[in-house]
*Asks:* 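Take a look at the following structure, please.
The structure presented is a predicted model; accordingly, all values stated were derived computationally and were not measured.
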Amino acid sequence: MDRFVTERLTAERLREADLADLVALHLDPEVSRHLGGVRSAETTKEYLDVNMAHWDRYGFGLWALRTSDGAFAGRAGLRHILVDDIDEIEIAYAFTRSLWGRGLAGEIATAMTRIGLSQLALTSVIGIVHVGNGASRRVLEKSNYLLERSTNRHGEDVVIYRIRGESPNHRIGAR
């Protein structure tokens, strides 16, 4: 699943050629506000290396997102993450500020959730959201993730949402 397409986005496996676009995304203070803060070019390079290695190890990970005209839109993916010493699969997404408010996060969240639960046969996927990030919370809620709990992660108050596979009460993409 190196590549997939939604109605308005093309997602391709993250690769070295995406570094400049990722650096620009991570240097935007508004984009990075809910991602743990602005990341330097060096930190973003380490982030890219870790996420490319994730692909090699697990066969899935982060995708670079592009609009129909080929412009970089952001990044999104599914990845292993330790949460309170438990290995979880997290859904993650970040878009360039110019594309906010267009429903793209919901579009990609629905597609990635379907991939995770159906194609990868994951038992569940979580979303970790800073408490104050109402937009991201709404994306997960509209994608049928259920609020599971609050916790503190890296000194930040966050909430954890979860969707489980194989349950008629959690139809992916139902509204």
*Asks:* Does the distance from a Lys or Arg side-chain N to an Asp or Glu carboxylate O, for Arg97 and Glu30, drop under 4.0 Å?
*Replies:* no
*Asks:* Hey, what do you get for CZ (Arg153) to CG (Asp84), rounding to the nearest 0.5 Å?
*Replies:* 8.0 Å
*Asks:* Can you see whether Arg137 engages Tyr161 through a side-chain donor-acceptor pair at a distance of less than 3.5 angstrom?
*Replies:* yes
*Asks:* Closest heavy-atom contact between Arg75 and Leu25?
*Replies:* CG-CD2, 3.8 Å
*Asks:* Rounded to the nearest 0.5 Å, how far does CZ of Arg138 lie from CG of Asn133?
*Replies:* 8.5 Å
*Asks:* Which heavy atom in Gly106 sits nearest to a heavy atom in Ser143, and how many Å separate them?
*Replies:* O-OG, 4.2 Å
*Asks:* Quick one: CD on Glu88 to CG on Leu122, what's the gap to the nearest 0.5 Å?
*Replies:* 11.0 Å
*Asks:* Is the shortest distance from a Lys or Arg side-chain nitrogen in Arg66 or Asp18 to a carboxylate oxygen in the other one below 4.0 Å?
*Replies:* yes
*Asks:* Determine whether more than 12 heavy atoms belonging to other residues, nucleotides or ligands lie under 6.0 Å from atom CG of Asp69.
*Replies:* yes
*Asks:* Can you tell if the side chain of Glu16 reaches within under 4.5 Å of the side chain of Asp49, non-hydrogen atoms only?
*Replies:* yes
*Asks:* Of all the heavy-atom pairs spanning Leu9 and Ala73, show the shortest one and how long it is.
*Replies:* CD2-CB, 4.0 Å
*Asks:* Any side-chain heavy atom of Glu107 within less than 4.5 Å of one from Arg102?
*Replies:* no
*Asks:* Could you tell me if the side chain of Ile108 sits less than 4.5 Å from the side chain of Trp63, heavy atoms only?
*Replies:* no
*Asks:* Which residue, Leu27, Thr44, Leu62, forms the side chain to side chain contact (heavy atoms under 4.5 Å, CB included) with Leu22?
*Replies:* Thr44
*Asks:* Take the angle between the ring planes of His54 and His80 and call it parallel below 30°, perpendicular above 60°, tilted in between.
*Replies:* tilted
*Asks:* Applying ring-ring contact (aromatic ring centres under 6.0 Å, His included), name anything that partners Tyr47, two or more places apart in sequence or on another chain.
*Replies:* His26
*Asks:* Quick one: are Thr113 and Tyr145 in side-chain contact, heavy atoms under 4.5 Å?
*Replies:* yes
*Asks:* Taking all atoms of both residues into account, what is the closest heavy-atom pair of Ala64 and Phe72, and its distance?
*Replies:* CB-CE1, 4.3 Å
*Asks:* Should we count CZ of Arg149 as having more than 12 external heavy atoms under 6.0 Å?
*Replies:* yes
*Asks:* What's in the same ILVMFWY side-chain cluster as Ile128, cut-off under 4.5 Å, chained through other members?
*Replies:* Ile81, Val83, Ile126, Val158, Ile160
*Asks:* Can you tell me how far the CZ atom of Arg79 sits from the OH atom of Tyr58, to the nearest 0.5 Å?
*Replies:* 12.5 Å
*Asks:* Contact between Ile163 and Ile91 at the side-chain level, heavy atoms closer than 4.5 Å - yes or no?
*Replies:* no
*Asks:* For Thr96 and Asp21: C-alpha separation, side-chain torsions, deciding distance, then whether side-chain contact (heavy atoms from CB on, under 4.5 Å) applies.
*Replies:* CA-CA 10 Å; Thr96 60; Asp21 288 326; over 6 Å; no
*Asks:* Kindly work out whether a path of hydrophobic side-chain contacts (I/L/V/M/F/W/Y, heavy atoms less than 4.5 Å apart) joins Val50 to Phe60.
*Replies:* no
*Asks:* Which heavy atom in Ala111 sits nearest to a heavy atom in Thr6, and how many Å separate them?
*Replies:* CB-CG2, 3.7 Å
*Asks:* Rounded to the nearest 0.5 Å, how far apart are OG1 of Thr123 and CD1 of Ile89?
*Replies:* 8.5 Å
*Asks:* Looking at Thr10 and Arg3, what are the two nearest heavy atoms and their distance?
*Replies:* CG2-NH2, 3.4 Å
*Asks:* Cluster question for you: counting only ILVMFWY and a side-chain heavy-atom cut-off of under 4.5 Å, with indirect links fine, are Leu140 and Trp100 together?
*Replies:* yes
*Asks:* Under the ring-ring contact (aromatic ring centres under 6.0 Å, His included) test, which residues partner Phe95, sequence neighbours left out?
*Replies:* none
